[in-house]
There are 2 protein chains.
Amino acid sequence: MNQDPILKPEVILEHAARYCAEHGSKLTTKRRQVLASLITSKKALSAYDLAEASRHGAEATLLPMSVYRILRFLQSIGLVHRLATANKYVACAHIACDHAHTTPQFLICKICSDVKEVGVANSIIDSIASAAETTGFRLLNDQLELECLCSECAVPELGA
Amino acid sequence: MNQDPILKPEVILEHAARYCAEHGSKLTTKRRQVLASLITSKKALSAYDLAEASRHGAEATLLPMSVYRILRFLQSIGLVHRLATANKYVACAHIACDHAHTTPQFLICKICSDVKEVGVANSIIDSIASAAETTGFRLLNDQLELECLCSECAVPELGA
DNA sequence: CCAAAAAATGTTACATTATATCATTGCGCA
DNA sequence: TGCGCAATGATATAATGTAACATTTTTTGG
Ligand SMILES: [Zn+2]
Ligand SMILES: [Zn+2]
Ligand SMILES: [Zn+2]
Ligand SMILES: [Zn+2]
């Protein structure tokens with residue numbers, strides 16, 4: 001679970017609605033539905049996963065095209081992150097706090113797609129950025145994605 | 001250019017052929033052709049880019065499926081790296097040296113796909129790995145990909 | 001040298017991820 | 001009320017990648 005397990009999804013969604021308002025947009029029913037799926041999922045989900053989920057017990061059925069549009073919106077205001085290495089999406093882990101989080105670092109379980117979002121120490125980002133500048137490149141993206149094994153999926157490896 | 005510009009492609013390909021032999025395989029004509037395209041390209045290329053390139057002046061025309069297979073082989077012995085964030089491929093920048101390089105860090109120009117492969121200080125990797133372990137994740141991948149602007153593409157931004 | 005085995009490649013089909021485009025709906029506001 | 005914009009529906013298509021089996025080429029053992 002990427003979110004603080006103490007908080008219920010409804011509480012997080014309330015924060016998200018306020019966050020949308022601050023950006024001059026609204027957390028519509030369908031946007032809320034997509035975000036709720038991501039918040040309650042233990043794993044990163046693909047757009048097609050989300051479209052499929054909308055056909056089981058959700059309020060509305062969503063076509064993939066709509067899911068992509070909604071994901072793009074949620075990303076644009078920082079409520080959702082896209083994991084480029086997995087072609088999947090996760091809810092930001094900091095929706096319910098001040099949300100002024102530092103550079104995110106995503107630990108992505110190679111086996112089960114479980115994702116943990118943690119902050120990267122500024123010292124590390126500074127090191128990386130300065131290493132880039134010595135080669136003439138300017139660092140743009142503030143997101144690290146790391147292939148990992150989560151604690152559960154690592155267990156079978158012990159016997160290997 | 002990702003490779004040392006002092007070295008001619010043929011020299012690098014000679015090293016690659018020896019490297020293949022050390023792994024019990026051969027640098028066939030088509031594998032050499034794909035690798036040569038990557039070595040001489042200033043940018044990261046997609047599998048379909050490489051298939052397309054094979055239709056212009058190359059010895060043999062390659063279907064995308066063959067390109068994927070060849071790329072997978074070249075990756076498996078470390079001659080090629082896949083950039084997951086860009087869905088593109090680059091030749092390793094260290095084919096002609098001892099090739100015992102440290103964890104690679106790829107600076108990828110968002111605009112033109114120019115790529116620079118540099119080593120990451122072990123201290124940084126250690127910091128990242130230990131940060132992961134405190135959350136129960138074991139770091140697997142030894143590759144960082146960073147979205148950047150190269151020096152050329154950064155220029156227009158000055159007036160923005 | 002020849003035949004069997006293994007490696008490499010050809011070929012077709014298909015799966016997954018993502019975007020383009022135009023039509024339609026819903027909703028706030030003059 | 002109805003205009004205008006944001007949101008969504010619907011269809012088609014592009015881009016990326018894999019599966020499965022056939023064929024060719026190379027290696028190897030007799
Ligand atoms: Zn976040
Ligand atoms: Zn796992
Ligand atoms: Zn390399
Ligand atoms: Zn550039």
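In the text below, chain A, chain B and the rest are named by the order of the sequence lines, each starting its count at 1.
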Side chain of [X], heavy atoms from C-beta onward: which of [options] has the nearest atom to it?
| X | options | value |
| --- | --- | --- |
| K88(A) | dT17(C), dA8(C), dG10(C) | dT17(C) |
| M65(B) | dT11(C), dG17(D), dT8(D) | dT11(C) |
| Y48(B) | dG10(C), dG17(D), dG9(D) | dG17(D) |

### Task
Run the numbers on E10(A) and R32(A) for salt bridge (Lys or Arg N to Asp or Glu O under 4.0 Å), then give the verdict.
CA-CA 10 Å; E10(A) 302 81 51; R32(A) 166 184 282 257; over 6 Å; no

#### Entry: Test log, rule side-chain contact (heavy atoms from CB on, under 4.5 Å), inputs K88(B) and D49(B)
CA-CA 9 Å; K88(B) 292 183 194 300; D49(B) 289 337; 4.0 Å; yes

To the nearest Å, how far apart are [X] [atom1] and [N] [atom2]?
| X | N | atom1 | atom2 | answer |
| --- | --- | --- | --- | --- |
| N87(A) | dT16(D) | CG | C1' | 9 Å |
| R72(A) | dT8(D) | CZ | P | 13 Å |
| K26(A) | dG26(C) | NZ | P | 13 Å |
| Y68(B) | dG10(C) | OH | P | 16 Å |
| D49(A) | dA15(C) | CG | C1' | 14 Å |
| K30(B) | dT26(D) | NZ | C1' | 14 Å |
| L27(A) | dG26(C) | CG | C1' | 17 Å |
| I70(B) | dT18(D) | CD1 | P | 15 Å |

### Message
Using a 4.0 Å heavy-atom cut-off, does R69(A) contact any base of the nucleic acid, only the sugar-phosphate backbone, or nothing at all?
### Response
base

### Query
Is F73(B) touching bases, backbone alone, or none of the nucleic acid, heavy atoms closer than 4.0 Å?
nothing

#### Entry: Taking every non-hydrogen atom, the tightest pair across D114(B) and F137(A)
O-CE2, 3.8 Å

### L50(B) side chain near L62(B) side chain, heavy-atom distance below 4.5 Å
no

### Message
Between Q33(A) and A58(A) (side chain of the first, backbone of the second, donor and acceptor by atom type, cut-off under 3.5 Å), is there such a pair?
### Response
no

### Query
Does T28(B) place a side-chain N or O at less than 4.0 Å from the phosphate oxygens OP1/OP2 of dT9(C)?
yes

### Query
For S66(A) and dT8(D), is the shortest distance between a side-chain N/O and OP1 or OP2 below 4.0 Å?
no

#### Entry: Whichever of A86(A) and L62(B) has its nearest DNA chain C nucleotide further upstream toward 5'
L62(B)

